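Comments concern the structure below.
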Number of protein chains: 2
Amino acid sequence: MSAATSASRADSRPGGRSARVRSAVHQAVRDLLADGTTDQLTIPLIAARADVHATTVYRRWGSVGDLLADVATSRFSGGFVVPDTGSLRGDLERYAADLAKDLGDPDTLALVRATIGVGGEQGAAVCRKERQDQLEAILERERSRGNEVPEVDRTIDALLAPLYYRAVFTDRVPTPEWARTLVAHLLPEAADAGPGGTTT
Amino acid sequence: MSAATSASRADSRPGGRSARVRSAVHQAVRDLLADGTTDQLTIPLIAARADVHATTVYRRWGSVGDLLADVATSRFSGGFVVPDTGSLRGDLERYAADLAKDLGDPDTLALVRATIGVGGEQGAAVCRKERQDQLEAILERERSRGNEVPEVDRTIDALLAPLYYRAVFTDRVPTPEWARTLVAHLLPEAADAGPGGTTT
DNA sequence: ACACAAACGCACTGATCGCTGCGATTAAAA
DNA sequence: TTTTAATCGCAGCGATCAGTGCGTTTGTGT
């Protein structure tokens, strides 16, 4: 697991041939995972699917674990806009709904499961770190407005945890509507920026 | 993935030679996972660790996925006593604390991650089905006493989801104390068997 | 235009994996 | 004790995988 060193060298040239190969390999991994290929997810197979020589994949990523971590990182970073509806409730509802829609995609789900499987704690962190940071940013922004907000851990337990659990562990698809009910349970029903919700 | 057919034939003779080989192979899988072997978790390697010929493993389980599902099933079934403290709050607190302690074990965690990784939705179901059934049993027993209980989904979101999420996705170990706070958030603080908690 | 460094493709080698007939061993039934 | 069915060990097959020098191509800086 030395993804940092090799991966950082990989995306140093965004427009060159490296980027083309990189996106082709990433797409191949996503395609194979979408087809249910999990235990036979090997480097020669990925390279063949991407019309790239296996040597290249060995040199740039080294192992399937590093490659999966790289794919997951680029998949879970960017393209996700932190909402700014003006109210904390609105922000959280929008964010939870977006995350539910994102995690509801079977292909994304397969990527998450595979990354966890071979990447262990490292891989799992890649799949949730960005989302957790964004959620903390929403809370911090609301608190900077002078309003009381739930604790970070409490928010994670009430929002992120059910979303990821339902997506990864069960066969039920997390819907945006259900995600909004999670926010309703977290925040008191009365005021929008009201107090309460703080633990203990 | 045809674990049902081959695995059911495996535990038909509980005391014979089959059982000895079975437990040896299971232990080998747990040992390898505890050592961090995830992507090289192959049948010949498992067989060598268990001092069993690879042929036997191929015949009885067929694939690593089936074997992992079998190990996870026997790991997550039995040995877990559904508490009966007399009150719903006490039962849930005890159960959440036990589950936190169980999921806090690194070896168990590695098994869960690997099973999810190669088993996909099937493997994930194996790791949570038993626990979810036990949780529903606690709720059902309380309801049969004539008391109001939270909805099953709400309870899963408030207890099971945070426990599994923190264990699998983060680097923080779920403690029994923290697990009890989840129950405090789910149930109203006033009465023990009081109403409320029911969604919408 | 030229030189230079990095990335890529090619042709290999050794090792491992998945899998299968075949005979030996075991444990339970008759 | 004899029978019998199931499980297990053994040797070996083809296929695939991980990894490595070497030459070629691509992109960039001078």
Side-chain angles (χ1 to χ4, degrees), chain A residues 1-29 32-33 35-70 114 117-119, chain B residues 1-3 5-29 32 35-70 114 117-119:
Chain A
M1 279 297 200
S2 57
T5 54
S6 52
S8 64
R9 184 180 50 197
D11 33 349
S12 58
R13 223 168 309 319
R17 181 177 54 171
S18 301
R20 204 167 46 225
V21 171
R22 177 183 155 99
S23 69
V25 171
H26 279 212
Q27 188 63 41
V29 170
L32 287 173
L33 285 177
D35 289 2
T37 306
T38 53
D39 45 352
Q40 293 112 358
L41 190 69
T42 179
I43 288 187
L45 214 162
I46 295 171
R49 182 92 169 202
D51 272 320
V52 167
H53 249 264
T55 314
T56 304
V57 182
Y58 279 117
R59 296 216 199 282
R60 285 186 63 167
W61 287 278
S63 71
V64 186
D66 291 338
L67 175 53
L68 267 179
D70 192 35
V118 304
Chain B
M1 279 293 209
S2 57
T5 53
S6 53
S8 63
R9 184 180 52 196
D11 32 350
S12 59
R13 221 170 309 324
R17 180 178 51 169
S18 302
R20 201 167 47 223
V21 172
R22 177 181 156 97
S23 69
V25 171
H26 279 211
Q27 188 63 41
V29 170
L32 287 174
D35 289 1
T37 306
T38 53
D39 45 353
Q40 293 111 355
L41 190 70
T42 179
I43 288 187
L45 214 161
I46 295 169
R49 181 92 169 204
D51 273 318
V52 168
H53 251 262
T55 315
T56 304
V57 183
Y58 278 116
R59 295 216 200 282
R60 285 186 63 164
W61 287 279
S63 71
V64 186
D66 291 339
L67 175 55
L68 267 180
D70 192 35
V118 302

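Here is the naming used below: chain letters follow the sequence lines, and residue numbers restart at 1 for every chain. Owing to the predicted nature of the structure, the values given are computational and were not obtained by experimental measurement.
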Report summary line: What residues 39-57 of chain A contributes to the DNA chain D interface at heavy-atom separation below 4.0 Å is T42(A), I43(A), P44(A), T55(A)
**Report entry** Side chain proximity check, L68(B) to L41(B), heavy atoms < 4.5 angstrom
**Finding:** yes
Query - Rounded distance (nearest 0.5 Å) linking atom CD of Q27(B) with atom CG of L32(B) - result: 10.0 Å
Requested in this report: Side-chain contact test, heavy atoms from C-beta onward, threshold under 4.5 Å: evaluate it for H26(A) versus D70(A) and give yes or no.
Outcome: yes
Query raised in the report: Do the side chains of R60(A) and V21(A) get nearer than 4.5 Å, heavy atoms only?
Result: yes
Query raised in the report: Does Y58(B) make a side-chain N or O approach to OP1 or OP2 of dG18(C) shorter than 4.0 Å?
Result: yes
Query raised in the report: What bend angle does the helix from dA1(C)-dT30(D) to dA30(C)-dT1(D) show across its length, from five-pair end axes and to the nearest 10 degrees?
Result: 30°
Requested in this report: Give every residue pair that meets the salt bridge (charged side-chain N to carboxylate O under 4.0 Å, His left out) criterion with at least one member in residues 43-57 of chain A, sequence neighbours excluded.
Outcome: D35(A)-R49(A)
Requested in this report: Taking the side chain as every heavy atom from C-beta outward, state whether L45(A) and T42(A) have any atom pair closer than 4.5 Å.
Outcome: yes
Query raised in the report: Any side-chain heavy atom of W61(B) sitting closer than 4.5 Å to one from I43(B)?
Result: no
Query raised in the report: Atom CZ in R22(B), atom CG in L67(B): separation rounded to 0.5 Å?
Result: 9.5 Å
Query raised in the report: Is the phosphate of dG9(C), meaning OP1 or OP2, less than 4.0 Å from a side-chain N or O of R59(A)?
Result: no
